[in-house]
Amino acid sequence: MVTTDKGTYSEGPAGPPAGPSLVPGGAARLTLIGVTVALLAQTLRYSLPVFVELSVGTALAVALPVALVPFLAPVLRPLLGPRVLTALGIGGLLLSRLVAQGLGPVLDLAVVATALGLLALPALYESARGLSGVGFAIAATAGLAVDTSLRMLFGTWDAAWQSGPAAWAVCLVLVGVGVAALVRELSSGVVPPPGISWRDAMGAAALGPFLALQVLVLSSPAFVASSGWLSLTMAHLAVLAGQALALAFLASGLAVRAVPGGVCVLGGTVLGLCAGAVAGTYALEGRIVIFAIVPAQVLAAWLLAVACRAPLRRAGDGGPIWRVDVGAALGGFALLAILVPYTLNPAHPLPFPNNALSACAGILIGLLASIAASRGGPLPARAPQRAVAALGACLVLAVPTAVFAMSGGEARSDTGETRLRVVSYNIRQAMHDGKLDPERVAVEIEAQKANVVALQDVGRGATASGTADLGVWLSRRLDMALVWGPAADSQYGNAILTSLKVESSGGGRVFSGEQIRGYLWARLRTGDGTVDVWTTRLAPGEEKAAHRRAELSELVRAWSRAPRTIVAGDMGVALDGAGLEPLNGTGLRRAAGALDSGSQGVFCTDDLVFSKAVSPRDGMVAVTAEAG
């Protein structure tokens, strides 16, 4: 028998140490961590789009006090006690999620819920004391895996935005399980806190950047679908594969055996490179994304396990336990410092590539893990059977994806149509009155009986739209084929939905000095030939005329004045405004009445005839076109 500051180990008859349990306090503690992490991820996803509705100054002014809320934990602990801290943080998060389901994620609730979610970070370490870092990381990863799978039932449109019975059922089950686990935790005996050094406490900060990476990239099927050029079904299976491998590696007991700090720095660097390479304005695209996402899942979970060992230990010498609260609060601050600027970037470009934010998250996890790598904390026994069980459990999480895949059929194909009903619509990330509502967008499009829809400001995994895949959701809802083109990054761009056969498509991106914009085209088969449809979103505002000229010049050059062409999109200014000269000088004709549609414009070549354009709502114009 050997006793150290890292725990107690006994040699079994076969030689390997048996080690302490992964979950010393029982399954309820594991459940509490998983549910808390899942609900915090949900809270961040529904809160970030609400912040985007504000001006940059207001958004940052609101986000900064919220990011400072977890620093109240070191004050609340001595005043109210650790149990009250746990009840306030985790209990408040559970209550706010229930209220959000009933009221919707309005601004005030989003601010309060995010603040409570960040306060739950130090509370989580309090309730998890004595658990191994591996057990903590298993619970966090499993909670995110369950949350991601449940989102697939709604096509990645979070249940928090919806009011139907299925959304309520998901909310009530998660909150109910969390409340039961919290009650069990609060009724159990208090684990005496150890003395802890600042070095040990800093490992608690790793959960913040870990969650930032999960929300942005690692647990986002829409992100993988748009960046990896995959169907949403295949994208979730790739995400699930990464989560399953991470859980298997952690559960095997191999994750934290004699880890040097330098190895953690190397792991964090690789994780940062993977995240920065696939997330941001200058990200890689294509199937290579899968080869970055899957190992990044394993690396992130492993580094979290290493970092959390020291803050969770039950014995040790050092200073007061509130140092862990400060460490966790710093992680919460880093969480918002990464997510809020990244979310604001498409509308308000940063002075540096936003890839740096995702990369910094990965590197930060590695640095924090390296600090705690050689410190104390219980080590689980090697248990290959646990790894097999973890992989098997993840097979169950593929069921929602199977349901999603079977619920959608082939898009309809109007092969004999000769008349085109074209709608151009800036959906503004499907946000209406502070609420993500793609159903409203679908109803407005349906009312126009369109067979070609040119969309702008479409999110596919963008945090500004709650990381929902709006392109795929609208495509399935309207029974139309989706053609997608990125703009500011791979999660934010333009789309064409159509019931006509798509013969070919393409697009491009333009940096005009303001930010990266995109254009997209699709060649559609009609009953009397083909028609090329183009769409774009130009720089907004009278003062950006030079940017619009550069963006349109690139589009016109790519178009090469091909016949039977329609160009539609948000031109950024009224259609008689400055900066549209490259388009007006091509001979394209504007649909009659389009001047009444604000910045939305629809243009066509002389071999097509337009009816009068109508603008049923702000940001939308509809017109009928046929051969001249």
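The first residue in the sequence is number 1, and the count goes up from there.
Here the closest heavy-atom approach between residue L30 and residue G135 is recorded as CD1-O, 3.4 Å. Nearest heavy-atom pair, A140 versus I33, reported as atom, atom and distance to 0.1 Å: N-CG2, 4.0 Å. For the residue pair A160 and Y46, the shortest heavy atom distance occurs at CB-CD2, 3.7 Å. Contact detail for S127 and E185: the closest heavy-atom pair is O-OE2, 3.3 Å. The heavy-atom pair separating A468 from R151 by the smallest distance is N-NH2, 3.9 Å. F404 and G155 get closest at one heavy-atom pair: CE1-CA, 3.6 Å.
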(message) Working note: S132 + L312, criterion side-chain contact (heavy atoms from CB on, under 4.5 Å); need CA distance, chi angles, decisive distance, verdict.
(response) CA-CA 7 Å; S132 70; L312 295 175; over 6 Å; no
(message) I'd like to know whether L182 forms a side-chain contact (heavy atoms from CB on, under 4.5 Å) with T86, so could you lay out the CA-CA distance, the side-chain angles of the two residues, the decisive distance to 0.1 Å, and finally the verdict.
(response) CA-CA 8 Å; L182 178 61; T86 301; 3.8 Å; yes
(request) Check step by step if side-chain contact (heavy atoms from CB on, under 4.5 Å) holds for Q42 and L174. (result) CA-CA 11 Å; Q42 291 182 15; L174 284 175; 3.3 Å; yes
(request) Take T114 and S47 through the side-chain hydrogen bond (donor to acceptor under 3.5 Å, both in side chains) test and state the conclusion after the steps. (result) CA-CA 7 Å; T114 304; S47 295; 3.0 Å; yes
(request) Could you give me the CA-CA distance, side-chain angles and deciding distance for S188 and R83, then say whether side-chain contact (heavy atoms from CB on, under 4.5 Å) is met? (result) CA-CA 10 Å; S188 63; R83 290 304 192 204; 3.6 Å; yes
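Residue L76 holds its CG atom at 6.0 Å from CG of L85, rounded to the nearest 0.5 Å. From L48, atom CG reaches atom CG of L344 across 9.0 Å, with rounding to the nearest 0.5 Å. To the nearest 0.5 Å, atoms OG1 (T467) and CD (Q214) are separated by 12.0 Å. Here the CG-CG distance, from L144 to L40, works out to 9.0 Å after rounding to the nearest 0.5 Å. With values rounded to the nearest 0.5 angstrom, Y342 atom OH is found 5.0 Å from N354 atom CG. Of the inter-residue distances, the one linking L216 atom CG with L44 atom CG reads 10.0 Å to the nearest 0.5 angstrom.
Take V75 and apply the side chain to side chain contact (heavy atoms under 4.5 Å, CB included) test, not counting sequence neighbours, and it matches L79. Shown here are the side chain to side chain contact (heavy atoms under 4.5 Å, CB included) partners of L116, two or more places apart in sequence or in another chain: S96, V112. Every residue meeting the side chain to side chain contact (heavy atoms under 4.5 Å, CB included) condition with W198, not counting sequence neighbours, appears here in chain and number order: M202, W322, R323, V326. Annotation: salt bridge (charged side-chain N to carboxylate O under 4.0 Å, His left out) contacts of R97 (sequence neighbours excluded): none. D147 pairs by the salt bridge (charged side-chain N to carboxylate O under 4.0 Å, His left out) definition with R45, not counting sequence neighbours. Residues meeting the side chain to side chain contact (heavy atoms under 4.5 Å, CB included) test with A204, sequence neighbours left out: Y125, P311, V324, A328.
In this structure, the side chain of T463 does not engage the main chain of G466 through any donor-acceptor pair within 3.5 Å. T156 places no side-chain N or O within 3.5 Å of a backbone atom of M152 that could act as its donor or acceptor partner. In this structure, the side chain of D469 does not engage the main chain of R460 through any donor-acceptor pair within 3.5 Å. Looking only at distances, no side-chain donor or acceptor of S219 sits under 3.5 Å from a matching main-chain atom of T148. Listed for the S220 side chain is no donor-acceptor partner under 3.5 Å among the backbone atoms of V217.
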Please set out all donor-acceptor pairs under 3.5 angstrom arising from side-chain atoms of residues 62-74, sequence neighbours excluded.
none

Which atom pairs, one a donor and one an acceptor, fall under 3.5 Å between side chains of residues 261-277 and the rest of the protein, sequence neighbours left out?
{"residue": "T269", "atom": "OG1", "partner": "V265", "partner atom": "O", "Å": "2.8"}

With a 3.5 Å cut-off and sequence neighbours excluded, list the donor-acceptor pairs that the side chains of residues 282-298 form with protein atoms.
{"residue": "E285", "atom": "OE2", "partner": "S490", "partner atom": "OG", "Å": "2.7"}
{"residue": "E285", "atom": "OE2", "partner": "R509", "partner atom": "NH1", "Å": "3.4"}
{"residue": "Q297", "atom": "NE2", "partner": "L218", "partner atom": "O", "Å": "2.5"}

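When only modelled atom types and interatomic distance are considered, Q243 and T141 share no side-chain donor-acceptor pair under 3.5 Å. Under 3.5 Å, the side chains of T233 and T401 contain no donor-acceptor pair of N or O atoms. Side chains of Q491 and S227: a donor on one and an acceptor on the other come within 3.5 Å.
Contact check for F352 versus P341: no side-chain heavy atoms found under the 4.5 Å cut-off. A 4.5 Å side-chain heavy-atom check between L88 and L80 finds at least one atom pair inside the cut-off. You'll find the side chain of L93 stays beyond 4.5 Å of the side chain of L119, heavy atoms only. In this structure the side chain of I371 never reaches within 4.5 angstrom of the side chain of D200, judged on heavy atoms. F249 has its side chain out of reach of I138: every pair of non-hydrogen atoms, C-beta onward, lies at least 4.5 Å apart. Looking at L232 and V224, their side chains never come closer than 4.5 Å, going by heavy atoms from C-beta outward. At least one side-chain heavy atom of L213 sits less than 4.5 Å from a side-chain heavy atom of I365. L397 has its side chain out of reach of L150: every pair of non-hydrogen atoms, C-beta onward, lies at least 4.5 Å apart.
Pairs passing the salt bridge (Lys or Arg N to Asp or Glu O under 4.0 Å) check and including a residue from residues 115-139, sequence neighbours excluded, read R77-E126, E126-R129. Sorted by first and then second residue, the salt bridge (Lys or Arg N to Asp or Glu O under 4.0 Å) pairs with a member in residues 208-220 form an empty list; sequence neighbours excluded. The list of salt bridge (Lys or Arg N to Asp or Glu O under 4.0 Å) pairs with a residue in residues 168-180, not counting sequence neighbours, is empty.
Heavy atoms from other residues, nucleotides or ligands lying under 6.0 Å from CZ of F154 number more than 12.
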